[in-house]
Amino acid sequence: MIIDLRSDTFTIPTEPMLQAMMQAPVGDDVFGEDPSVNQLEAFVADIFGMEASLFCPSGTMANQIAIKCHTQPGDEVICEFNSHVYYYEAGGIAFNSGCQVKTINGNRGLVTADQVKAAINPHDVHRANTSLVSLENTANRGGGACYNQKDFEEIKEVCLQNNLKLHLDGARLFNALVANHEDPKFYGKLFDSISVCLSKGLGAPVGSVLIGSKEYIKRARRVRKVLGGGMRQAGYLAAAGIFALENNIGRLAQDHDHAKQIAEILIQKEFVGKVLPVDTNIIIFDVMGRYSAKEFSEILKQKNILTIPISPTQVRIVTHLGISPKMVQQVINILETL
Ligand SMILES: *Cc1c(COP(=O)(O)O)cnc(C)c1O
């Protein structure tokens, strides 16, 4: 038995999800005629109390479309140094939107309103036009850290005062919603656009959704086509997303509980240094002394536990729906022997 803690992208569709996919009514979504895609898009928009949404092949594409639709070439985008849109999207902000980026060094991937305010360029012919702020919740490289609502409201205020759009990379937003018992409509009111992943902890094989106003999503649909993301009978994939939203949100709490259980053992180990606080389903910790991060991952791999060394000293563990309580116990047992 392999226990794969590398990422929540490794989830495999369950039998009932596959059944839902096989029974999906489909049509040509580029013509707007796929009933399952239309159902998913209406469903997600409704969850957040927003007007419309767009089914995308990946979270990266959803973010890149979002940024393209909020900016003009030569603009500047404010985001955190470790944010996915900057760190993990292959230079896409420059490639797709022709924008440059101003990064903020946040705390566990989270930024404050004061930091955002200080990062805005003055209206000066020499300076790039700041037009967009992009936030991430939960913050992936911040160890699944969550914003509190007050910080979001303060950042929104700065955006309103400075005429900036506000995008949320909510790849793992449902983890934050569950962990903090939040209302998705709070997010729908605050953000100009939100991307959410269906293929992380929610367990769908493919897909993300970009959410926004009707007018914005109309433009986003065109950009998705330009990027080659117009899909035909995508309803088979959308059906997996609908199934995930109907069945797999509540159970994220179990992933969070599993992550806390594993972190508790790690903290006791003398070769483990700092363990970032575990807010959701991600554990990032420093390995020191006896092992490098790579060596530690290698030792676990020999015992059929897969993790990712994300830097020379840091290892990341992610819990998800493919990880059972029995597997968590097995991980704990093995950690205890090291
Ligand atoms: C996974 C992830 C994405 C999107 O990734 P894809 O692999 O393109 O679907 C975006 N933002 C964050 C924070 C992520 O963790």
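Ligands are counted one by one from 1 in listed order, and the atoms in each one are counted from 1 as well.
The pair Lys150-Glu154 meets the salt-bridge criterion, with a side-chain N (NZ, NE, NH1 or NH2) lying under 4.0 Å from an Asp/Glu carboxylate O. For Arg221 and Glu41, the salt-bridge test passes: some basic side-chain N is under 4.0 Å from an acidic carboxylate O. Remark: Asp255 does not engage Lys200 in a salt bridge, criterion side-chain N to carboxylate O under 4.0 Å. Under a 4.0 Å N-O distance rule, the pair Glu80/Arg141 does not qualify as a salt bridge. Note on Arg232 versus Asp28: salt bridge recorded, some NZ/NE/NH1/NH2 to OD/OE distance being below 4.0 Å.
Both tests pass for Arg6 against the ring of Phe10: distance under 6.0 Å to the centre and angle within 45° of the axis.
Here's the thing with Gly59: one of its N/O atoms is less than 3.5 angstrom from an N/O atom of ligand 1. For a threshold of 3.5 Å applied to N or O pairs, the pair formed by Glu89 and ligand 1 contains no separation below that value. Here's the thing with Ser208: none of its N/O atoms is less than 3.5 angstrom from an N/O atom of ligand 1. At under 3.5 Å, not a single nitrogen or oxygen of Glu136, backbone or side chain, sits near a nitrogen or oxygen of ligand 1.
For atom 11 (N) of ligand 1, the nearest non-hydrogen atom of the protein is Asp169 OD2, 2.6 Å. In terms of protein heavy-atom proximity, atom 1 (C) of ligand 1 is nearest to Lys200 NZ, 1.3 Å.
Of all atoms in ligand 1, listed by their number and element, those nearer than 4.0 Å to a heavy atom of Arg172 are 15 (O). Applying the 4.0 Å criterion to heavy atoms of Asn63 picks out, from ligand 1, the atoms 10 (C), 11 (N). When each atom of ligand 1 is checked for a heavy atom of Ser58 under 4.0 Å away, the hits are 8 (O), 9 (O).
Of the heavy atoms in Val85, none comes closer than 4.0 Å to ligand 1. Looking at Thr60 against ligand 1, both its backbone and its side chain come within 4.0 Å, counting heavy atoms. Contacts of Met61 with ligand 1, taken as heavy-atom pairs under 4.0 Å, are absent altogether.
For the side-chain hydrogen bond (donor to acceptor under 3.5 Å, both in side chains) criterion with Asp75, the lone passing option out of Thr130, Asn121, Asn129 is Asn129. When each of Ile194, Val116, Val158, Val133 is tested with Leu166 by the rule side chain to side chain contact (heavy atoms under 4.5 Å, CB included), just one qualifies, namely Val133.
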